[in-house]
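The next block holds one structure in the form of structure tokens; read it before the comments.
Every chain is numbered from 1, with letters handed out A, B, ... down the list of sequences.
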Number of protein chains: 2
Amino acid sequence: MSILSERQKLILSLVVHDYIKTATPVGSKNLVEKFRLDFSPATVRNELAKLTEMNFLSQPHTSAGRIPTEKGYRLFVGVLMNTQELKEENRHMIEHQFFQTQQDQGIDGWMKLAASILASQSKAISLVSAPLPIRNSLKHVALIDLTGKQMLIVLVLTSGQMQQRFVTLTEQVSQNKLTMTANEINQRFKGMTTDQIHQEKQKSTTNNALMELVMKNVLNAMYETDAMKAGEVFTDGISNVLAEPEFAESEEARQALRIFEEQPALQSFLSKTALDQKIGGVQVLIGGEGLLTNLQNCSLVLARYGIPETLTGTVGVFGPMRMAYSRNIPTVRFIASLLSDLISESLVELQ
Amino acid sequence: MSILSERQKLILSLVVHDYIKTATPVGSKNLVEKFRLDFSPATVRNELAKLTEMNFLSQPHTSAGRIPTEKGYRLFVGVLMNTQELKEENRHMIEHQFFQTQQDQGIDGWMKLAASILASQSKAISLVSAPLPIRNSLKHVALIDLTGKQMLIVLVLTSGQMQQRFVTLTEQVSQNKLTMTANEINQRFKGMTTDQIHQEKQKSTTNNALMELVMKNVLNAMYETDAMKAGEVFTDGISNVLAEPEFAESEEARQALRIFEEQPALQSFLSKTALDQKIGGVQVLIGGEGLLTNLQNCSLVLARYGIPETLTGTVGVFGPMRMAYSRNIPTVRFIASLLSDLISESLVELQ
DNA sequence: CTTTAGCACTCAAGTCAATCGAGTGCTAAA
DNA sequence: TTTAGCACTCGATTGACTTGAGTGCTAAAG
């Protein structure tokens, strides 16, 4: 495989650029005029022919302009594009949107917000998956007497999530008794994961009915948190992408967008795809690899966020293969870092 | 305004029926053949002409079949359609979907679920707005010592919503002191709305710093709940509607679907629209009245759910004007009643 | 007075051929 | 190695023509 000349690289990246903007095959004459190149269309044609030969470009039909191939996009994203950081200005704008909503609504709220901002910035579909606690454990249990015969169980987990349960008791129990029970549970189970608690509990059976009742609820609530909240995926901007010719024209492609309204499919896809990525790095999937077959000329820009080995989620942008990588990649990276910061702050707060 | 003959009613409803199915203008001959009418096409033509005169039907151009007008749909929905209850079979299916998710995820979870079920049943866009507590008041406050210098404030509201806050204290405070403060607050403010608490608090200023701190947080949290969670709208099934010819063909209409990804617009629309509806009743808005101008040949089926005068939200279906009213209306009604039941149950639990 | 057969008329949608033009590859000269 | 020139390709556009579902009107039949 021969190495590309500088001029070839230039021309290739111009083609990609132009095609991203116009979505129409780009030809030699057009290229020379638009970018004021100082060689002739014929020269450009020769180079285009070579690039086509090497499979970086393709032609929809013999007498049309060129379109980047998957391979072309890959080279563009990997080498040709100058991935600068996001402009100061844009960073501020995003931060502003993030923090003007003063209410702290917890992790869920942040994710929703991130999805909304990312969608509006990228004009594409945004995906934000809930951080999956790799090791979620019990931080604190509190028991609160409500009416004498009803109590509230409040659970704080190391991931920063909380759960509450109402439980109706068979007999009157004093707040004192509740506090003592809570203390005992905290001493014995603090810092343990769901499974560890389960095992520990097997060891010694108390005949303390209250204790049993509480622990049953605690375990249930923890299982739920583990299983459910874990993989939830927030999505935004589906309508953004409807304007793109790729989707406007093909009924099939439009149907394929259904997938973004189907939690289970999204979850399994994201969890399969991005797990081995390190925090902060951005991964670009070009040509809908592994995704739905009808979405083949689409791309996905993904990044992981959170705290390594502890609590990590995925954030990303989905759009046509000719998406604005040079804007989307830094944006995704920046939003991932914002989310990471927010999450580690919220963990520190709970320390 | 003359009254329609039985035959005219029959023909009108057949036209509506057929147009809902085929989305193409329906003509006399076709009508007679498809429904095996025992009068001739010419007769039907005469009737169609009269119905057109009376503005129940219209023609896209002089030599085409008829299409129902807004007025036509209104008559159909209001009088001609036999609004039977949802079939036993369908009710069971919906209930099953509703309750197979065993986890009780709180009101939010139910709403999401309702939106998802409604979208899949109606093949249109579903809307579920969070119940707006008309009179939300404080049920219980609990203060929990976490680490000696951090406490957790747990707020239970009469609407069944909960809020927690972490607060870092300037000095060590015992759980005992916290419990006493909580008791005091509960005695003084229990059952009051945000505004009432605000007033009551003005009356006597304590020099109890802890008390002040807690109350500041309680009020904040309550304001947030009032303002924010209140109007949130869950949406599902946007991609359903993309297949409909109304949207597949018009770029404009597709753009207009953006509105379903914009919380503020949705919230204000729903709150303006459906407030004066009584619980259980179903309201049908034909011709996108008041909604976006680009969505004029669309309709909305809405119902209120919840507990009258206390905690009510809206549930509904949005689709092309030629939607399957006869299926969607009972479905919306049924789902509204399910949600109402769930909400009143959850309130009873908290009593 | 109502229904229906017959007929001329309308008009969107489909078919087909001609034309246009952006783009190509190749060759030969600079 | 670059470029001008030229014949060629082929999708897109245009416009004339045909087709057919549907109409309104009239006059005869019930």
Quiz prompt | Minimum-distance pair of heavy atoms, taken over all atoms of A:Ser116 and A:Asp236 | solution = CA-OD2, 3.1 Å
Quiz prompt | Under 4.0 angstrom between B:Arg7 side-chain N/O and C:dT2 OP1 or OP2 | solution = no
Practice problem: State which of D:dT3, D:dT23, C:dG23 makes the closest approach to the side chain of A:Lys29. | Solution: C:dG23
Exercise. Before accepting this row, confirm whether a basic side-chain N of the pair A:Glu261/A:Arg258 lies closer than 4.0 Å to the acidic partner's carboxylate O.
Key: no
Quiz item: Does OP1 or OP2 of D:dA21 have a side-chain N or O of B:Arg66 closer than 4.0 Å?
Solution: no
Practice problem: Kindly calculate the angle separating the two end axes of the helix from C:dC1-D:dG30 to C:dA30-D:dT1, each obtained from five base pairs, and round it to 10 degrees. | Solution: 20°
Self-check item: Distance, rounded to the nearest Å, where A:Asp38 contributes CG and D:dT3 contributes C1'
Solution: 14 Å
Quiz item: How long is the line joining NZ of A:Lys34 and P of C:dG23, in whole Å?
Solution: 9 Å
Self-check item: Rounded interatomic separation in angstrom, taking CD from B:Gln59 and P from D:dA21
Solution: 17 Å
Practice problem: Would you kindly give the CD1-to-C1' distance between A:Ile67 and C:dG23, to the nearest whole Å? | Solution: 13 Å
Exercise. Using only side-chain N and O atoms of B:Thr43, determine if any of them is under 4.0 Å from OP1 or OP2 of C:dT4.
Key: yes
Practice problem: Using atom NE2 of A:His61 as one end and atom C1' of D:dC8 as the other, report the distance to the nearest whole Å. | Solution: 13 Å
Quiz prompt | NZ/NE/NH1/NH2 to OD/OE distance under 4.0 Å, B:Lys50 and B:Glu53 | solution = no
Practice problem: Would you tell me if any nitrogen or oxygen in the side chain of A:Arg45 comes within less than 4.0 Å of OP1 or OP2 on D:dT2? | Solution: no
Practice problem: Using only heavy-atom distances, determine whether the side chains of A:Arg66 and A:Thr52 contain a donor-acceptor pair under 3.5 Å. | Solution: yes
Exercise. Would you confirm whether B:Thr69, through its side chain, and B:Phe56, through its main-chain N or O, come within 3.5 Å as a donor-acceptor pair?
Key: yes
Self-check item: Nearest-Å distance for atom pair CZ/C1', residues B:Phe39 and C:dT2
Solution: 13 Å
Practice problem: Flag the pair B:Phe39 / B:Glu47 as yes when at least one side-chain heavy-atom distance between them is below 4.5 Å, and no otherwise. | Solution: no
Exercise. Indicate the ring-plane relationship of A:Tyr325 and A:Tyr73, choosing parallel, tilted or perpendicular according to the 30° and 60° boundaries.
Key: tilted
Quiz item: Mapping B:Gly65 and B:Ala42 to their closest nucleotides on DNA chain D, which lands nearer the 5' end?
Solution: B:Gly65
Quiz item: If you pin B:Pro41 and A:Asn46 to their nearest nucleotides in DNA chain C, which one's is more 5'?
Solution: B:Pro41
Practice problem: May I ask you to evaluate whether A:Thr62 reaches the phosphate of D:dC10, defined as a side-chain N or O under 4.0 Å from OP1 or OP2? | Solution: yes
Self-check item: Separation of atom CG in B:Leu51 from atom P in D:dG24, rounded to whole Å
Solution: 12 Å
Quiz item: Is a salt bridge present between A:Arg322 and A:Glu244, judged by a nitrogen-to-oxygen distance below 4.0 Å?
Solution: yes
Quiz item: Atom NZ of B:Lys50 to atom P of C:dC1: distance rounded to whole Å?
Solution: 13 Å
Quiz item: Quick one: is C:dG23 close enough that its OP1 or OP2 comes under 4.0 Å of any side-chain N or O from A:Asn30?
Solution: yes
Exercise. Would you mind telling me which residue lines up with the more 5' stretch of DNA chain C, B:Ser40 or A:Ser63, judged by nearest nucleotide?
Key: B:Ser40
